2 protein chains.
Amino acid sequence: MLDGLRIVLVEDDEIMGGSLLQRLELEGAQVVWFKQMHRALGAIRTPQRTIDAVICDIALPDGNGEELYNTLCQTATPPPFLFITGQGGIEQAVRLIKSGAVDYITKPFDMGAFLKRLSMLVIPAETPDFPPVLGVSSAARQVEKLVARAASSDEPVLVRGGPGLGKDLIARRIHDLSDRCAAPFTAVNLAREEDPDSAIFGAGGAFDLAGDGTVFLNGIGRLDRPVQDRLTEAFETRRAARVIAACGHDLEALIEAGQFSSELFYRVAQVEIMVPPLGARPEDAVWLLEQLFKKLAPQRAAGLEGISPLCLAAARDHDWPGGGREVRARLVRGLARAAGNVLQPSDLFPESLAAPHDQMSLAEARDAAEKTQIIAALDRTGGQIGEAAKLLRIARTTLWEKMQKFGLS
Amino acid sequence: MLDGLRIVLVEDDEIMGGSLLQRLELEGAQVVWFKQMHRALGAIRTPQRTIDAVICDIALPDGNGEELYNTLCQTATPPPFLFITGQGGIEQAVRLIKSGAVDYITKPFDMGAFLKRLSMLVIPAETPDFPPVLGVSSAARQVEKLVARAASSDEPVLVRGGPGLGKDLIARRIHDLSDRCAAPFTAVNLAREEDPDSAIFGAGGAFDLAGDGTVFLNGIGRLDRPVQDRLTEAFETRRAARVIAACGHDLEALIEAGQFSSELFYRVAQVEIMVPPLGARPEDAVWLLEQLFKKLAPQRAAGLEGISPLCLAAARDHDWPGGGREVRARLVRGLARAAGNVLQPSDLFPESLAAPHDQMSLAEARDAAEKTQIIAALDRTGGQIGEAAKLLRIARTTLWEKMQKFGLS
DNA sequence: AGCCCATGTTCGGATTTCCGAACACCATAA
DNA sequence: TTATGGTGTTCGGAAATCCGAACATGGGCT
């Protein structure tokens with residue numbers, strides 16, 4: 001009935017929680033049970049994998065379910081919430097449902113009916129019709145949607161994003177999903193190409209080989225003006241092939257500086273797909289890490305059985321400025337250096353060992369972070385303490401105290 | 001408070017209905033009272049004029065309010081429904097709210113609070129003589145008064161305010177309310193114009209086309225001195241057209257710096273209308289958001305039923321430096337990314353979800369530092385919690401708590 | 001079994017931190 | 001001149017955090 005669904009249960013009552021847990025697992029769901037609000041908060045906010053539903057009691061020892069839901073809404077799009085409660089008020093029910101909660105049920109309730117409602121409500125949300133290539137985060141899903149939409153159109157596409165985010169994969173995927181999928185797909189990496197002009201337009205070049213397929217131009221910002229103009233012209237003469245281009249975030253700056261033709265930009269950016277950086281979607285980072293591990297570990301490090309949870313946590317925290325490429329590089333290096341039977345954080349991030357942060361006590365580390373953050377905030381506001389305090393979300397007086405403590409004034 | 005609102009009251013109890021009727025009419029609403037379901041059904045389905053809200057009892061002699069609502073839903077989109085009931089059930093409340101009712105209140109209730117919620121929830125559909133273009137706040141009303149006064153005079157007007165506050169709408173409105181409304185209204189956006197001089201004075205330019213109508217000069221601060229002088233001169237020679245100008249807040253600075261003619265300033269600022277920033281009048285921000293939602297949601301996001309109260313609260317808090325333009329842009333983006341059936345805060349403010357390295361709150365920065373430090377310590381001790389705690393100079397239990405908080409286990 | 005040791009977990013109180021109110025002070029704008 | 005708005009500073013209570021004690025658990029060792 002609920003096979004494979006990942007459900008979070010938040011319930012402090014042992015009996016109630018136990019029976020729910022049992023029943024849900026019987027139905028095939030993977031359930032994680034929290035008895036306190038703050039624990040559930042952390043787990044839902046940074047989930048190991050996407051959560052399909054949250055079943056949440058209202059009365060909790062360290063808060064209430066409403067609070068939990070509201071807090072989540074501030075920073076993220078929460079998964080579907082079903083509230084169950086013993087002392088429910090109509091007022092509260094109305095408020096929660098209007099805030100987007102999926103259901104609100106009073107105890108005691110009929111378990112069979114409850115499960116039926118649950119399966120009705122939750123299942124349609126999750127239908128992965130094809131294996132995810134970019135990631136599992138909601139942001140990645142968003143991009144996939146855009147990709148699908150781009151595939152069904154026939155306009156030129158501009159894919160934008162930092163390095164190592166799979167812009168080439170996206171282009172390939174658009175081609176494969178489009179009705180040109182039977183025709184050739186040719187890619188040119190402008191950053192590597194010696195002679196871009198001939199690689200694109202020459203005999204045996206991209207357009208030549210593509211026929212009425214798709215031409216993918218990676219790093220379009222590197223083109224010099226003459227080739228840009230030829231490309232613009234190519235659009236006008238209606239080449240047979242469809243064009244997908246990719247570039248980093250700096251194209252506007254290039255246009256501003258007059259190094260990139262704004263006309264070409266508008267031609268090629270009929271559809272624009274922005275790929276958010278990997279650091280902004282930690283779920284994808286760990287997902288990718290696990291995927292690559294599965295693929296690479298058997299050959300390269302036969303002894304390794306898995307990745308330690310700590311290591312995954314560290315990966316979730318890391319910024320990954322190099323995108324997927326960095327994930328792969330670090331993993332390869334880590335696999336070579338791993339000693340035990342699981343991959344440790346120091347394998348993936350050896351530089352953190354040498355860091356001076358090492359044997360600092362927690363309080364010191366915390367203070368150091370506070371200090372730099374405060375300095376940054378004060379810098380941003382030009383020394384305006386009140387404003388800086390607002391930025392840091394603390395009271396003005398508290399900031400003043402801290403400044404005194406750190407000797408800033 | 002409820003001036004001009006058309007409200008349908010469905011209530012069989014004489015006392016209750018009478019007191020509600022009395023009170024609502026006291027507040028300025030036009031109320032029609034039905035005591036039976038089938039009568040109300042007919043009246044709502046084929047209304048004389050648009051109905052702003054329905055206040056509906058559940059228990060009725062010939063049926064119940066839910067039935068009434070559902071019947072209406074099948075044939076049309078009903079006006080906002082507020083249910084009031086004596087023997088309400090949570091089950092029922094949840095069902096009704098999920099199917100789109102605006103509120104569900106149990107008797108007895110506090111009349112004052114009820115009226116407040118009513119006025120908050122219900123937005124006047126159309127007030128034909130006076131559709132508010134700027135907002136509903138007292139500040140916006142103030143501006144409207146100034147607009148009306150400006151329209152009745154014939155002096156040049158200077159409209160001032162940040163971007164996206166509808167300065168163009170104000171100019172248009174002054175024109176439409178003035179006795180030049182039959183003559184042409186021509187607008188020039190000086191920020192976009194290549195050749196301001198000819199766009200204003202040239203053949204086919206604003207003055208030429210306006211005749212004895214109104215000329216609107218947006219972004220007057222961008223004019224260079226020669227054109228300023230020509231404009232000043234135009235005032236002296238008494239052109240036929242009336243001039244309305246608009247600019248940001250920086251005009252005084254320009255005058256100070258000698259880049260703007262103070263004489264022209266005094267000429268054009270005979271009447272000065274200051275539009276306060278949207279961040280200073282939160283009611284208008286949410287009002288505008290709701291207006292735009294009503295207009296845009298049906299086309300762009302058919303599944304969406306409304307805006308979550310949390311989201312409205314977030315909108316009320318936001319600064320809206322981009323004015324109405326920002327409201328619109330954020331809404332459009334949010335509609336595209338919304339997942340559930342209501343718009344969530346993270347849809348409208350995705351940057352709070354993935355702030356690219358920007359300004360973290362102090363607590364976040366501190367937590368991040370703690371987390372990495374803890375991971376490093378645990379890594380060093382090979383996962384030995386007690387040892388790691390000693391390294392970090394905190395109690396074992398404290399470390400355990402933190403590990404829970406950060407989801408490490 | 002019996003013991004040892006580390007962990008998982010709760011609890012109550014000690015301590016620290018945080019906040020808001022309040023007041024004095026000093027610019028600067030009206 | 002008077003408002004106004006930001007800052008420096010103090011203070012008391014509220015809230016969080018931290019800690020140690022305590023107890024159960026469970027795995028490894030003899």
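This structure is a prediction, so every number in the text was calculated from the model and none was measured. Throughout, a chain's letter reflects where its sequence line sits, starting with A, and its residues are numbered from 1.
Contacts between residues 269-276 of chain B and DNA chain D, counted as heavy-atom distances below 4.0 Å, involve no residue at all.
In this structure, the separation between CH2 on A:W33 and CD on A:E11 is 7.5 Å, given to the nearest 0.5 Å. Here the CG atom belonging to A:L82 is positioned 11.0 Å from the CG atom belonging to A:L9, to the nearest 0.5 angstrom. Of the inter-residue distances, the one linking A:I44 atom CD1 with A:Y69 atom OH reads 11.5 Å to the nearest 0.5 angstrom. The line from CZ of B:R396 to CG of B:L399 is 9.5 Å long, rounded to the nearest 0.5 Å. Annotation: the span from A:C73 atom SG to B:Q344 atom CD amounts to 4.0 Å, rounded to 0.5 Å.
For the helix from C:dA1-D:dT30 to C:dA30-D:dT1, the axis fitted to the five pairs at one end and the axis fitted to the five pairs at the other end meet at an angle of 30° (nearest 10 degrees).
Look at B:R366 and B:E370 and you find no salt bridge, because none of the NZ, NE, NH1 or NH2 atoms lies under 4.0 Å from a carboxylate O. Under a 4.0 Å N-O distance rule, the pair B:R141/B:E144 does not qualify as a salt bridge. In this structure, B:R149 does not pair ionically with B:E272, as no charged nitrogen and carboxylate oxygen lie closer than 4.0 Å. A salt bridge between A:E66 and A:R95 is present, with a side-chain N of the basic residue lying under 4.0 Å from a carboxylate O of the acidic one.
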Quiz item: How does each nucleotide of nucleotides 6-25 of chain D score, in 5' to 3' order, for protein heavy atoms under 4.0 Å: base (B), sugar-phosphate only (S), or none (-)?
Solution: -BBBB-------SBBBB---
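A cation-pi arrangement is absent between A:K402 and A:W400, since the terminal nitrogen or guanidinium carbon is not both under 6.0 Å from the aromatic centre and inside a 45° cone about the axis.
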